[in-house]
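Down below is the structure, laid out as structure tokens.
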Amino acid sequence: MAAKQAHLTREFTKVMYDPNHVEERWQAFWEKNRTNEPNLDAAANPFFNLMMFPYPSAEGLHVGNLYAFTGADVHGRFQRLRGHDVFQPAGFDAFGIHSENFALKVGVHPMDLIPANIANFTRQLKRSGIMYDWTHSVDTTDPEYYRWTQWIFLQLYKAGLAEKKEAAVNWCPSCKTVLANEQVISGRCERCGSVVGQKILSQWFFKIAKYAERLLDNLDWIDWSETTRTAQRNWIGRSEGATLRFRLADGSKEEVSVFTTRPDTVYGATFLVLAPEHPLVERFVSESQRTAVDEYLAATAALDLVERKRIDKEKSGVFTGGSAVNPATGEGVPVWIADYVLMEYGTGAIMAVPAHDQRDFEFARAYDLPVQPVVAPAGSLEKGSDPAQVTVALGDSAFVEHSADEILINSGPFSGRAATEAGAAIVDSLTERDLGEPALNYRLHDWCISRQRYWGPPIPVLYCDECGIVPVPESDLPVVLPRIEQFRPSDDGVAPLAKSAEFYQVECPECGGEARRETDVSDTFLDSAWYFLRYPSTDFGDRAMDADRTRRWLPVDAYIGGEEHAVLHLLYSRFITMALSDLGHVEFEEPYKKFRKHGLLIRDGSKMSKSKGNVVIPDRYIASHGADTFRAYLMFLGPYTEGGDFRDRGISGPHRFLQKVWDAVHSCVEAADETGGGGNDELGKDIERKLHQTIKQITEDFADLSFNTGIAALMEYLNAIRADGRTPQRAEVVPLVIMLAPVAPHLCEELWDVLGGQPSLFDEADWPEYDASKLLADSVRIPVQVNGKLRGTVEVSRGANADTVRKIAMEEEGVRRHLEGVEVRKTIHVPDRLLNFVVG
RNA sequence: GCGAAAGUGGCGGAAUCGGUAGACGCGCCAGCCUUAGGAGCUGGUGGCCAAUGGCCGUGGGGGUUCGAGUCCCCCCUUUCGCACCA
């Protein structure tokens, strides 16, 4: 109807582009006609296009969110025009410390705050023109969602992948909760920046470490950006080496295990170092060292993690008074305690080889401990000397080289052998005597999911004096988070729900006796570790995932999100998927076929942040220029995967471009009306070639998220079809409208309509195909160089041979001048590319 | 310290199986149009010079090549990860 109206007005006055009017019209159309809702049960060519769901903050949608979503949306719309049934849902990650802290700050209950935030986000997202299927959204705080989060916990528990244990955990004194290792950034809380402390608490853990090897191996074949895979590899931190056992020197059966990547140096292990928290510390402390040890342990405990892990800190430690037996030499070595050995890595104890490890070297120097070199460059020994008994001068630092060029010295029967090969032999020999074995060590630790907070899904277990830990029966799910008004966390590590007897007093489902509910809630990262599995099945209330839907839509075809989640969310969701796969709930073990990171939008050279006051709120720009212009600007300002600088002024370029597209289409239609025909469908040769080149480029660019160059190509094409004030032909503008549609969907729907197409363009239009034979002209203009310097260009027919090109080039004035009086020694001819005269 | 990525006009950025550096856009300059314009149209726009021509030019310095933003070596800078990981 609006199109007819436009048609009528056109006769009197030029139709103006009014983005708000156009966008309102098409958003209403899409909603009414359910344009964005694929048939989840019958789609022939499914494509699950996923974007990382946002945390719905009170400030509303940030331009960074919109940047991320718009890129994903352009890609999704492109895939749709290429013939896919694209499923593109939206959701909200609304549980967690973030929301809870904000609620505490403003004094509004999160149960009141979150729905308002979600409503605001939804409004903003709908206005931005993203192709969301709103009939399948998720909200992690909805009991109908988190009942399945709890269900996943129960599945893992039943499979022995969830366990409760006492552990030293990261404790944020400001958020008053436990944090996962991944949430501690350089010793500080990821959320609030407070220095993280340690606490011994009983916590629920998911055994992600069991999956370390598979999580690592699959990285070799999944289609992810290399930087993200590298980040995950580093985080998993696989080290190959050996576990070696040092028996106590007092003749008892006890032993200290150490992990080392350098078993070849065991003959040089002149002392042992335990972490201050190591359980065997007490076994070694002698009467005379008691006071010194206690003082050291107290001093270490007083240090926070940031201070303790400062790399430039002087090495400090204390002698226990006890000793252990080096399994290779059989000699006693003193046992020390030092804070540079971390309980959380390896076994919490190391064999110190000061000659070949810089840290051990510094420690030995500080406390005057023996240093025994056991590795030397192969050529460094004097002729005839016995490698089993060599004196080597000590340098100022440890000798850490480790290649086939080094040999072992002073290493008993292994002396003289290559260091790399001898290491394995030493481990073999120790394994035979039950003093060690080859070992892999991972930096990755089990995932602590307990949070002593309020705003999360209650962990679905009960504690019964008779029956012990009792999982909540699945039929009793969800364990609903009650509304309590006193939800502020406390310092004692006791969760807010522990104050609500109404919540925690229950009857044991097994014995009927008195039982107590778990009052901790689970980590927000568990909510987001499986949300994509829920999307296609949100209309099933009786199962987390419908088997048919899941088979049709998962794994996710394309996932786009921020690199900041490279190790957190992406690792957890891989683990959960892998575990569910092992338990038979899904048929794949990797959740995302393809993952690409998007870049970060910055402003004035620095990150946008509330404290700097340079955060861009999109509403204002959308109101003034329209969503299409804003989308085009965001996609044009830089390479999508790199991000870029947001500048107010830059928006005018894309705005003018859309305006010109509008004008071009209208003038084309007007001209056709005047001539009474459907317009001239004949394309000039030059424009035809430009069209095919453009199709080729856009198709390639949009497929690999190079939106900025894709849009530039569309601009070039537009410039070509309206050059010298000519009126574009229908056959020229139709493909332009289709190719621009992923970027400016409302505008293009309108223009598609104006051109007489049946809406929606996204259902009716086909992405144009290029004809490879039409990409090249019959003649080419090639540069002519003399000694590599450009001296002119000549037009030659395509495929012309060297002689022909040379003849033409010699006639070129600029070229001839440089060839006068010099001898041409040779010519380099690259067909259709260049001609270079080498003179001299 | 280790790892990764990146340094190109006034600005955002194009171009890397080595082959016309600066596409596209912003800004700027000139002209046109206009009562007016933070509108529109046309043209120009890397720097320098003795200027129809030429020299220089992709962080700096070397190298390979007929030819280097692109490949190799050394150095500098920035950003982002990780950081006493045994």
Side-chain angles (χ1 to χ4, degrees), chain A residues 185-187 226-228 230-231 233-235 237-239 241 258-262 265 269 273 275 308-313 315 338-342 344-353 356-360 362-363 441-443 563-564 566-567 599-600 602 605-607 632-633 636-639 641-657 659-660 663 697 706 708-719 724-725 781-793 813-814 817-818 825-830 832-840:
Chain A
I185 310 296
S186 305
E226 191 50 45
T227 50
T228 313
T230 304
R233 284 194 189 101
N234 292 343
W235 189 264
R238 179 183 195 267
S239 292
V258 301
F259 174 76
T260 178
T261 54
R262 293 290 306 276
T265 64
V273 188
R308 176 168 165 187
K309 289 188 172 181
R310 242 180 60 215
I311 191 164
D312 53 347
K313 189 162 70 80
K315 292 278 176 295
D339 68 358
Y340 79 93
V341 174
L342 308 172
E344 71 225 37
Y345 187 78
T347 62
I350 61 158
M351 64 174 205
V353 185
H356 306 293
D357 180 278
Q358 186 59 27
R359 295 154 300 175
D360 299 346
E362 285 166 21
F363 192 76
N441 193 57
Y442 297 94
R443 213 183 83 112
E563 171 98 287
E564 70 273 18
V567 290
L600 202 65
I602 57 171
S606 57
K607 246 178 161 163
Y633 171 60
F636 184 64
L637 61 73
T641 54
E642 305 298 317
D645 211 342
F646 187 97
R647 288 157 305 130
D648 285 5
R649 269 203 307 219
I651 202 167
S652 57
H655 188 63
R656 284 176 201 154
F657 168 60
Q659 178 76 54
K660 286 175 194 170
D663 290 344
Q697 180 161 2
S706 300
N708 58 329
T709 50
I711 293 170
L714 288 172
M715 288 172 167
E716 264 190 82
Y717 176 69
L718 176 71
N719 291 342
D724 306 320
R781 179 154 282 277
I782 67 168
V784 181
Q785 303 179 332
V786 177
N787 278 356
K789 288 196 191 228
L790 182 69
R791 297 302 178 191
T793 61
E813 171 57 28
R817 189 168 40 230
H818 287 272
R825 289 197 311 202
K826 68 172 168 177
T827 54
I828 311 276
H829 177 241
V830 184
D832 300 335
R833 296 303 299 238
L834 131 156
L835 183 73
N836 186 13
F837 291 100
V838 184
V839 302

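- For A:Tyr633 and A:Phe646, the distance between ring centers is under 6.0 angstrom.
- Side-chain contact between A:Thr227 and A:Glu563 is present, with at least one heavy-atom pair separated by less than 4.5 Å.
- Taking atom C1' on both B:C2 and B:G10, the two are 38 Å apart, rounded to the nearest angstrom.
- With its glycosidic angle within 90° of 0, B:G9 is assigned syn.
- Rounded to whole Å, atom C1' of B:C82 lies 14 Å from atom CG of A:Leu342.
- Per the geometry, CZ belonging to A:Arg825 stands 10 Å off P belonging to B:G67, to the nearest Å.
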- [ ] Dump the intermediate steps for side chain to side chain contact (heavy atoms under 4.5 Å, CB included) on A:Arg443 and A:Trp235, then the final yes or no.
- [x] CA-CA 7 Å; A:Arg443 213 183 83 112; A:Trp235 189 264; 2.6 Å; yes
Open item on the list: For RNA chain B, please output the secondary structure as dot-bracket, reading 5' to 3'. Pairs are Watson-Crick or G-U wobble, both atom distances under 3.5 Å; mark crossing pairs with [ ], other-strand partners with |, unpaired with a dot.
Closed with: (((((((..(((......[....)))((((((.......))))))((((...))))..(((((..]....))))))))))))....
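- Across A:Asn836 and A:Asn787, no two heavy atoms sit closer than the pair OD1-N, 3.4 Å.
- Between B:C71 and B:G19, the distance separating the two C1' atoms is 14 Å to the nearest Å.
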TODO: Let me have a per-nucleotide readout for nucleotides 47-54 of chain B, 5' to 3', with B, S or -, counting only protein heavy atoms under 4.0 Å.
DONE: ------SS
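- Rounded to whole Å, the P atom of B:G38 lies 39 Å from the corresponding atom of B:A21.
- A:Arg359 and A:Asp357 are joined by a salt bridge, as a carboxylate oxygen and a charged side-chain nitrogen come within less than 4.0 angstrom of each other.
- When the C1' atom is compared between B:U58 and B:G40, the two are found 36 Å apart, to the nearest whole Å.
- The residue A:Val353 sits apart from the nucleic acid: no heavy atom pair falls under 4.0 Å.
- Rounded to whole Å, atom P of B:A86 lies 11 Å from atom CD1 of A:Ile350.
- Going from the C1' atom of B:G67 to that of B:A83 covers 45 Å, rounded to whole Å.
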TODO: Do nucleotides 18-33 of chain B as a string where each nucleotide becomes B, S or -: B if the base has a protein heavy atom under 4.0 Å, S if just the sugar-phosphate does, - if no protein is that close.
DONE: -BB--BBSSS------
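- Only the C1' atoms considered, B:A15 is 16 Å distant from B:G25, to the nearest whole Å.
- Under the rule for a salt bridge (Lys or Arg N to Asp or Glu O under 4.0 Å), the partners of A:Arg233 that lie at least two apart in sequence or sit in another chain are A:Asp220, A:Glu226.
- A:Val784 is not listed as a side-chain neighbour of A:Leu834, based on a closest heavy-atom distance of 4.5 Å or more.
- The heavy-atom pair separating A:Ala352 from A:Val273 by the smallest distance is CB-CG2, 4.1 Å.
- A:Arg791 meets the salt bridge (Lys or Arg N to Asp or Glu O under 4.0 Å) test with no other residue; sequence neighbours excluded.
- Across B:A23 and B:A14, the matching P atoms stand 13 Å from one another, rounded to whole Å.
- Judged by the 6.0 Å distance and 45° axis criteria, A:Lys315 is positioned over the aromatic ring of A:Tyr340.
- Evaluation of the side chain to side chain contact (heavy atoms under 4.5 Å, CB included) rule for A:Asn234 yields A:Thr230 as partners, not counting sequence neighbours.
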